[in-house]
Amino acid sequence: MRSAQTLARLRGDLAGVEDQFSLSVIEGLSKTRKTLPCRYFYDARGSELFEEITRLPEYYPTRTEMGILAEHAAEITDGIGDGGLLVEFGSGSSLKTEILLDRIAERIAYVPIDVSEAALADAKARLARRYPGLDVRTIVADFSGFVALPDDLASRRKTGFFPGSTLGNLAPKDARHLLAGFGRVLGDGGRLIIGIDLKKDPRTLVRAYNDAAGVTAAFNLNLLLRINRELGSTFDERAFRHEAIYDPREGRIEMHLVSKRDQEVELCGRSFNFRNGESIHTENSYKYTIEQFRELAGAAGWQPERVWTDAASQFSVHELVWV
Ligand code: AVJ
């Protein structure tokens, strides 16, 4: 563990490095146990590889969640209500949302929130064609901060939508804070529909993050290529291998990039050393039981209501109310 002082000194050294990406990469690689933040997986190539992951036979979450949403769409959209507001946190392409919009588009307003202006523009154009009666109000923002909803819609009944088990990337404490933040955005009486991956046989979990075709490996290794391209570093991606392990104590899948040999990498005028077998921890994906997630939601200030799951109990979709 590094002391707060060491980190503060490191930040001081980084005074000249202004952008957030290089800052977090340098900070992560300077730790005794090296890390890289998983939010940087999603450049153009990474987003393409993630799309490919969602279609893999081993990666059950996406298709299972979509099956649950489709099967229970009537109950879920009942909760949104006529004249309601559907607020999606990190909406991306808004593809899963269509399962709900198919039933209620002309009776609600839809507020997709995403950091990518381009993704929002694409989604808005597609939705306008598909649902001419839908009122779409895009907001370019990072959903981890407070987002003010449009003033003229303030009195509407509000439902947040956060599918994909994206919450699983956060440690429980951070997950609790994010959930509480959603509550503050949606306000009293607000609802949240959230997709959460469930605990299961570790072999099934590990296979989902270490597929036979090697797509997840390419997705993980692409992070090094992105860092080379955007920060001018000298990573040789062939000198690292993808690893996915399940930690039953933490209840999480961990993805790592493991160095295949002793090596040195140059980045922003610094050099970083990797021992043979040393890992860079690139992602956590926490898994919950239904009860564990309801407890976490409760600790964040949400009242758990209905929960829907698939026949094999692989994935869950929860309805929460902010009281
Ligand atoms: C989109 C964050 C939910 O953790 O399952 C897929 C990302 N990483 N395969 C997940 C991911 C490796 C995914 N989330």
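Numbering of ligands and ligand atoms starts at 1, following listing order. Remember, predicted model here, so these are calculated numbers, not experimental data.
When Arg252, Glu65, Glu283 are checked for heavy-atom proximity to atom 11 (C) of ligand 1, Glu283 turns out nearest.
In this structure, Leu296 and Pro172 approach most closely via the heavy-atom pair CD1-O, 3.5 Å.
The cationic atom of Lys34 (NZ for Lys, CZ for Arg) lies less than 6.0 Å from the six-membered ring centre of Phe274 and within 45° of the ring axis.
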Exercise. Verify side chain to side chain contact (heavy atoms under 4.5 Å, CB included) between Phe182 and Leu178, making sure each step is shown before the conclusion.
Key: CA-CA 6 Å; Phe182 289 167; Leu178 182 65; 3.7 Å; yes
What verdict does the ring pair (Phe, Tyr, Trp, His ring centres under 6.0 Å) test give for Phe235 and Phe240, after you've listed the backbone C-alpha separation in whole Å, the side-chain angles of each residue and the deciding distance to 0.1 Å?
CA-CA 9 Å; Phe235 277 109; Phe240 288 85; 5.8 Å; yes
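Less than 4.0 angstrom separates some heavy atom of Gly164 from each of these atoms of ligand 1: 3 (C). Heavy-atom contacts of Asn169 reach the following atoms of ligand 1: 2 (C), 4 (O) (cutoff under 4.0 Å). Those atoms of ligand 1 with a heavy atom of Ser165 less than 4.0 angstrom away are 3 (C). Residue contact check: Ser285 has heavy atoms under 4.0 Å from atoms 4 (O), 5 (O), 10 (C) of ligand 1.
Of the N or O atoms in Lys287, none lie within a sub-3.5 Å distance of an N or O in ligand 1. Checking only distances, Tyr209 does come within under 3.5 Å of ligand 1, N or O to N or O. Below 3.5 Å of separation, one finds no N or O of Thr166 facing any N or O of ligand 1.
Close to ligand 1: Tyr42, with a non-hydrogen atom less than 4.0 angstrom away. Assignment of Phe41 to the shell around ligand 1 is not supported, since no heavy atom sits closer than 4.0 Å.
Phe315 pairs with exactly one of Ile68, Thr62, Thr309 by the side chain to side chain contact (heavy atoms under 4.5 Å, CB included) rule, that one being Ile68.
When the side chains of ILVMFWY residues are joined at heavy-atom separations under 4.5 Å, either directly or via intervening members, Leu49 and Ile227 end up in a single hydrophobic cluster.
Atom 13 (C) of ligand 1 has as its closest protein heavy atom Tyr59 OH, 3.3 Å. Regarding atom 1 (C) of ligand 1, its nearest protein heavy-atom neighbour is Phe50 CZ, 3.6 Å.
Counting only N and O atoms by type, the side chains of Asp247 and Asn284 include no donor and acceptor under 3.5 Å apart. With 3.5 Å as the limit, one finds a donor-acceptor pair spanning the side chains of Tyr110 and Ser94.
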